[in-house]
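Right, one structure below, let's go through it.
Worth knowing before you read on, the calculation uses all heavy atoms, side chains too, and leaves out hydrogens, waters and symmetry mates.
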Amino acid sequence: MHTVVLLVVQKARNKCTQRMFDNGIFLDYMATVSAVSAVGWVVSPIIRRMVSLVQSYMSSQYNWKSGILSDLKNLEATLMDILLVVGAAERQHVVDINQMLLLQQMKDAVSDAEDVLDEFDYMLLKEKVEPKGLLRRIGSSSLSVGMRLVNIDKFSSNLRKVLKSLERVRASAEMFVRVMALEGFNPIQSLECVPARITGSLLHEDAIFGREKEIDELVGQLLYISDKSLLSIHQKLRTEVHTIVGVGGIGKTTLAQLIYNDDRIVDSFDVRMWVSVSNNFDKTRITKEIIAYTTGGENAELANFNFSKLQEELRWRLRCKRFLLVLDDVWYDEKYGEHINKERWMDIIAPIKEMFTRPGSMTGSKILVTTRTELVAKMLDSRSLFILEGLGRDDSWSLFRRCAFGSRKPEGYPELKQLGYQIVQKLKGSPLALKVVGGHLNGKYSDAEWEDVLQKDVLNPNDILTILHLSYESLPEHLQQCFAYCSLFSKGYRIDSKRLIRMWIAQGLVHLEGNNSRSLEDIGRGYFNDLLARSFFQVLRCGDQTYYVMHDSLNDLALHVSNGECFRVDHGSVGEFPHYIRHLSVSAEQLGDLVNYDGLRRLRTFMILNDSWFCSKVCLSHDILNKLKSVRVLDVSGCCFGSFPEAVNDLIHLRYLAIQRTYYPLPTTISRLNHLQSLFVLYHSCYSARISCSNKRKQLKYLRREVNTTGGHFRLPESISRLINLVHVDVEKAYTLMLSGVFQLPCVEGSGEFLVNKKEQSLVQLKDLNKIRGELSVKFLENVKNREEAAKSHLDLKEHISKLELEWGSCDGAHDMDKGFEVLDVLKPHRNLDELTISGYPGVKSPSWLESDWLRRLKLICLRDCNRWEVLPPLGDLPLLRTLEVRRMEELKALGQEFFGHAGFPSLERLLLERLPKLEWCLVDNDKVLQNLRHLSVAGCPRLRSYPTHPRTLRHIAVLDQERIQVKAQMDSLDLSRSFCRLVSSSLHVLHAHHLECIEDMDIYVNHSVDTSTTVFSNLKSLKQLQICGINRANTPSVITTLWGENGATVLPSSLRFLELRRCYLQPSSFSKLLKNLPSLVTLHLIECDTVEIPGLPVSLHLLRMLKQLYIYKCDWISSFEGSEALLSLEEMKIDQCYDLEYVPYLDDMPCLQKLHLSRCPQVMRLSKAVHQTTLKELVVRSCDGLSSLRKLCDLVSLVKLTITDCSDLLWLPDMTGFYSLRVLSIDRCPRLRSLPRSGLPVSLETFFLSRCHQALEEQFQRKEGPDWNKFAALPGCKWEAGRR
């Protein structure tokens, strides 16, 4: 079909070219245009599709009126003429206003014509689902009735109007081309300003080439004071600024990310902060983002703060902290002079320009800036200026070689290797250009193609967009269109490839390829993979989800080459909308900017984006929806709807719809969307908590053919079966098969869930559902009647399934065992399968297709609850298998040579064995197996007495035999950012020293006494976190002794940062010595620990200068602390139920303390005065019966909240004259407290709670008179609360 259309198009082109431009002007003009890269992309493909559609109408079986047929022929010819002009004009940047207006008129007319044809196509689709084929009777005696019923007359009238409009455009086309040819033009125009760029502190790159020297030099500058004479006796240091300068795309942000996450930096600064500045300068936003890093996860109430208050808040929060602030992508605003630029930045830096730091510190706080211009370094009074050059020759070649050759060796292509060296030299070390150009050449082994890239003239090597144009220009036209469409996504947006491909399809950007039987989705996936291979996207993995992001420079390029057709309304002021927009995306918070926009009628795409997982709470106005008359793609998933907007059902051109889940059912009128191809219903945080339907109830309703399978009240109506174009539904897995089966839409593509029922749901119903793609879950397989029924499901023909789950329910008896094997043996998946889960299988033997190499592409296998399965197949021979999970299989006895096969799991990275009571290793010391194992988790396998010799790749170990520990370990193991080891003490003997060399986080659950040499732990050189928990407290000394001896000598590294001892027996003398050997300790938790010595000895805190958090709970043996003057970094202290504790460290010794909680410590007699304590924000004192007075607490200038509860002997409160920041004061159950402070309450107080104190004080507040009541009454803005809290 397309071949014929293209021939017709070519002939028509030749004919109208001869007719319009015999004088040769057009040929000269086209010769000029041919030298220019195509940057416009929208209208030409639209016209080609319209020509094809018109020709299909003319050749159809319908008996058209002669007038309509003539109009269709005229439309074809007119479109061909306009195609020539528009196609030529789109290949340059038109800058003359009159030319732009004329071109826009042509595009508008073409779009109107497309809508008319599409509206008629809508009527044809509607007729197909009507009970009577009215349109097919157009040529009958009832012609006028049929025409009236399907609005043929209206179509004819609209067609005439469009023809008149197009005729006017065609009449202007010759003049347009003549003017363009005579005036001449500069084919390369300056690039427009691009929107703000947003970066983060985490690296996207999976491999970094070079930059080691740059990292070491910059880290050295950040770690040491440049001028030691700046040190004063009060340790007040000037915050230094260091600047990285380089051209766009040279790798400034990547270098800053590497430095930001360098271990030396992490260990040396108390707070690290990253702010993406870009050219959208907003000092209030920047200051708030800096403050956000200092809140410790708490929400800072900054909404009502003016800039002056924000400055004060910033200074206060960073007081006594050594911080690193990265300001990424700082711009010099050319609209202002040097003075104003500098003044704006000095406002931000002023609060942190000079900061106090700790005595003895050899470094102060630092600011690291990245920018494209040296003017910024001068503006910020930068102490050092680091000019970032491109990568060196070797590193450039390494990066280019990886992108261009992949796994192939360049030595096999000597000519390409030489050309590659020249290309690398031309790209001048720009990492981004190397990646993109290398990605473009990947898979191309023609010398001519590489020579063409080498000979391209890069006009401005310092402009990364010009460099990127090199690869963009060489893309095929269809990839150029798809890439430009991606400009609708904001910078840093996580792109779901499945949704993007469906958007491309809806816009007609994905084309069927001749007689190829591939689906549009497969072709679109090929488009996406082509762009991914050329580095136009970057992979971003979040847990088990995979997203894609565009580099900021590529995002800028996409927006530029969209030629004004695409527009984004990001955060901040939108300003003027361009006149000719066809595709528009807007952030949810900016939706109000569209109220007065009159261009919605012509939009083909309308997207509302929300960067957060949480609902935006923004509702879309029906006025906006009613204006979207021509929209093809509507993504309103960034909006909040309780019910489906009825206005959507009138969008007759709609192909793609994405919404958030509604609480109420979708209306039956959704069936009016006859063009709809894709429907996405996404997670909605507003209604997730209201979904109460259990899984069993959902399954029961499904089996009864009820449609409410997704919980809550959301459901799809039966009328959706009329949408014959609907091919992709993404709601919940059960819906896909329901649409394919119950609703009889066999072409629906998507993941599916099939529940076998003995009466109604037979596996035979899966026979023809070969469009299912993604995930397929088949459950209740015990209901399959026999082998023949299972074989008719034809799983081996479902080539698009990547994940398959086969699940049996309850099975009993030998019959189920035999039938289970027969069923599984014929449920052979397609060989393309990536992931396989078999659950509840009642058989003993393995299916034949697992015994062979049929599933060579498998990457994950999960076998669970298969209680009779005795011997596993040779899974070790699967070359790509990365994850293997074997859970709850009671009869599995051995993992031996047959299981490991000949290859020994060459790619396996994660092995999980859980509750396998009879399992033993039969292959232990073979160092040729499990060569790439990184994660090992074992639980409930008591017969595993030793483990294979694992390679150095092993990073995570969990050896557990109690279910409750296993659950905890699995939850924690979701964070794979650091290496960990979790094990019970009875399993210590299975470990070898080399198992632990990379471990950073270790949890030991002590269940049995152990007799293990300390050599097992002698290689804990990377350990940063250690938790020891006594399941059996009496056995903890044997484990603790393994870690350190009586003299305090320890195998723990001095770099340990977190230590938690829970339900352990300790020896205080040895414990104090241990703490002296841990100078880097940041967090110390002692929870329910007892002592085997005589209580009363103090705990030594000497040398814990890095300690920030101290938490002690139920440790009665602690009476006091020594060396508290070392707690210079402590920010939080919580002590609870330490009944023998007599003294709390002086607050003066803890200058950075922010929270102090003291609970149920009846022996504590006093809290000391704080002369230099200016950081304490929260003080809580509960059930401390020994406290009679708090008078020595004074001048706590930063205290925000003071809570005193259950202090039976308390007589006196502190003088609050200096409590300038106190907002909440709570006093409860202090029966001897007779009065408030003599000086009154602070004027900053907002909430005062008083309950169950001395009767004399209570009576004053009841009567609302008396001296203490007057102290409260003097605060007009303070709220008094009484009663229970």
(request) Report the distance from atom CD of E1178 to atom CD of E1132, rounding to the nearest 0.5 Å. (result) 8.5 Å

(request) Calculate, to the nearest 0.5 Å, the distance between atoms CG and OG belonging to L1130 and S1124 respectively. (result) 10.0 Å

(request) Check side-chain hydrogen bond (donor to acceptor under 3.5 Å, both in side chains) between D282 and all other residues, then give those that pass, not counting sequence neighbours. (result) none

(message) With a 4.0 Å cut-off on N to O distance, would you call D1268 and R1234 a salt bridge?
(response) no

(message) Applying side chain to side chain contact (heavy atoms under 4.5 Å, CB included) to Y1113 and L1086, what does each step give before you reach the verdict?
(response) CA-CA 6 Å; Y1113 174 69; L1086 301 177; over 6 Å; no

(request) Would you mind reporting whether L1211 and L1233 have side-chain heavy atoms less than 4.5 Å apart? (result) no

(request) Could you tell me which non-hydrogen atom of T1203 sits nearest to which non-hydrogen atom of K1201, and how far apart they are? (result) OG1-CE, 3.6 Å

(request) Walk me through it: do S1226 and I1204 pass the test side chain to side chain contact (heavy atoms under 4.5 Å, CB included)? (result) CA-CA 6 Å; S1226 176; I1204 306 171; over 6 Å; no

(request) Work out which heavy atom in R322 is nearest to a heavy atom in S365; give both atom names and the distance. (result) CA-OG, 3.6 Å

(request) Any chance you could measure L1187, atom CG, to M1165, atom CE, to the nearest 0.5 Å? (result) 8.0 Å

(message) Could you go through L380 and I349, starting from their C-alpha distance and side-chain angles, then the distance that decides it, and tell me whether this counts as side chain to side chain contact (heavy atoms under 4.5 Å, CB included)?
(response) CA-CA 9 Å; L380 296 176; I349 296 178; 3.8 Å; yes

(request) Would you indicate whether Q1255, at its atom CD, is surrounded by more than 12 heavy atoms from other residues, nucleotides or ligands within a distance under 6.0 Å? (result) no

(request) Flag yes if more than 12 heavy atoms outside M346 fall under 6.0 Å of its CE atom; otherwise flag no. (result) yes

(message) Does this structure show an ion pair linking E313 with K309, if we count only N-O contacts that are shorter than 4.0 Å?
(response) no

(message) Could you report the tightest heavy-atom contact between L1066 and C1089, atom names first, then the distance?
(response) CD1-CB, 4.0 Å

(message) Looking at Q1109, is its backbone amide N or carbonyl O close enough to the side chain of T1083 to form a donor-acceptor pair, meaning the two atoms are under 3.5 Å apart?
(response) no

(request) Answer with yes or no whether the side chains of T1217 and D1215 bring together a donor and an acceptor at under 3.5 Å. (result) yes

(message) Looking at K1279 and E1281, is any side-chain nitrogen of the basic one under 4.0 Å from a carboxylate oxygen of the acidic one?
(response) yes

(request) With sequence neighbours left out, write down each residue that passes side chain to side chain contact (heavy atoms under 4.5 Å, CB included) with Y1220, or none if nothing qualifies. (result) V1197

(request) Run the numbers on K1114 and D1090 for salt bridge (charged side-chain N to carboxylate O under 4.0 Å, His left out), then give the verdict. (result) CA-CA 8 Å; K1114 282 191 176 181; D1090 292 331; over 6 Å; no

(request) Answer whether the closest heavy-atom distance between the side chains of F1219 and L1225 falls below 4.5 Å. (result) no

(request) Take V1181 and L1156 through the test side chain to side chain contact (heavy atoms under 4.5 Å, CB included) and record every step on the way to the result. (result) CA-CA 8 Å; V1181 182; L1156 173 59; over 6 Å; no

(message) To the nearest 0.5 Å, what is the distance between CD on Q311 and CD1 on I291?
(response) 9.5 Å

(message) Checking R285 now: which residues fulfil salt bridge (charged side-chain N to carboxylate O under 4.0 Å, His left out) with it, not counting sequence neighbours?
(response) E289

(request) Scan side-chain atoms only and decide if W316 and S1198 contain a donor-acceptor pair under the 3.5 Å cut-off. (result) yes

(request) Check whether any side-chain N or O of K1271 sits under 3.5 Å from a backbone N or O of L1236 as a donor-acceptor pair, and report yes or no. (result) yes

(message) Using a strict threshold of under 4.0 Å (side-chain N to carboxylate O), is an ion pair present between K1024 and D1001?
(response) no

(request) Check whether any side-chain heavy atom of I1112 sits under 4.5 Å from a side-chain heavy atom of D1136, and report yes or no. (result) no

(message) With heavy-atom distances below 4.5 Å as the criterion, would you say the side chains of I1135 and F1121 are in contact?
(response) yes

(message) Tell me if the CZ atom of R264 is crowded by more than 12 foreign heavy atoms within 6.0 Å.
(response) yes

(request) Sequence neighbours left out, what passes salt bridge (charged side-chain N to carboxylate O under 4.0 Å, His left out) with E1122? Give chain and number order. (result) none

(request) Quick one: closest heavy-atom pair of M1133 and P1145, and the distance? (result) CE-CG, 3.9 Å

(message) Are D1140 and I1118 packed together at the side-chain level, in the sense that at least one heavy-atom pair is separated by less than 4.5 angstrom?
(response) no

(request) Output yes when a side-chain donor or acceptor of D1209 lies under 3.5 Å from a complementary backbone atom of S1188, and no otherwise. (result) no

(request) For L1250 and C1253, work out which heavy atoms get closest and say how close. (result) CD1-SG, 3.6 Å

(message) Please enumerate all residues that pass salt bridge (charged side-chain N to carboxylate O under 4.0 Å, His left out) together with E1258, with sequence neighbours excluded.
(response) none

(message) Please report the interatomic distance SG(C1152) to CG(L1107), rounded to the nearest 0.5 Å.
(response) 12.0 Å

(request) Report yes or no: does R1063 contribute a side-chain atom to a donor-acceptor pair with the main-chain N or O of G1030 at less than 3.5 Å? (result) yes

(request) Answer yes or no: is there an ion pair linking K321 with E1131, defined by an N-O contact shorter than 4.0 Å? (result) yes

(message) I need the L1210 CG to T1205 OG1 distance, nearest 0.5 Å.
(response) 11.0 Å

(request) Please name all residues satisfying ring pair (Phe, Tyr, Trp, His ring centres under 6.0 Å) with F1058, sequence neighbours left out, ordered by chain then number. (result) H1085

(request) Answer yes or no: is there a side-chain heavy-atom contact under 4.5 Å between L1127 and L1101? (result) yes

(request) Indicate yes or no for a side-chain donor-acceptor contact from K366 to the backbone of L222 under 3.5 Å, with no hydrogens or angles considered. (result) yes

(message) Does this structure show an ion pair linking D1206 with R1182, if we count only N-O contacts that are shorter than 4.0 Å?
(response) no

(message) Between L314 and L310, is there a side-chain heavy-atom distance shorter than 4.5 Å?
(response) no

(request) May I ask you to test the T239-F323 pair for a side-chain heavy-atom distance under 4.5 Å? (result) yes

(message) On a heavy-atom basis, which atom in C1115 and which in I1087 lie closest, and how many Å separate them?
(response) SG-N, 4.4 Å

(message) Cation-pi check for Y260 against R272: NZ or CZ below 6.0 Å from the six-membered ring centre and within 45 degrees of the axis, yes or no?
(response) yes

(message) For R1160, I'd like to know if atom CZ has over 12 heavy atoms of other residues, nucleotides or ligands within 6.0 Å.
(response) yes

(request) Answer yes if the ring centres of W1269 and F1261 are under 6.0 angstrom apart, and no otherwise. (result) yes

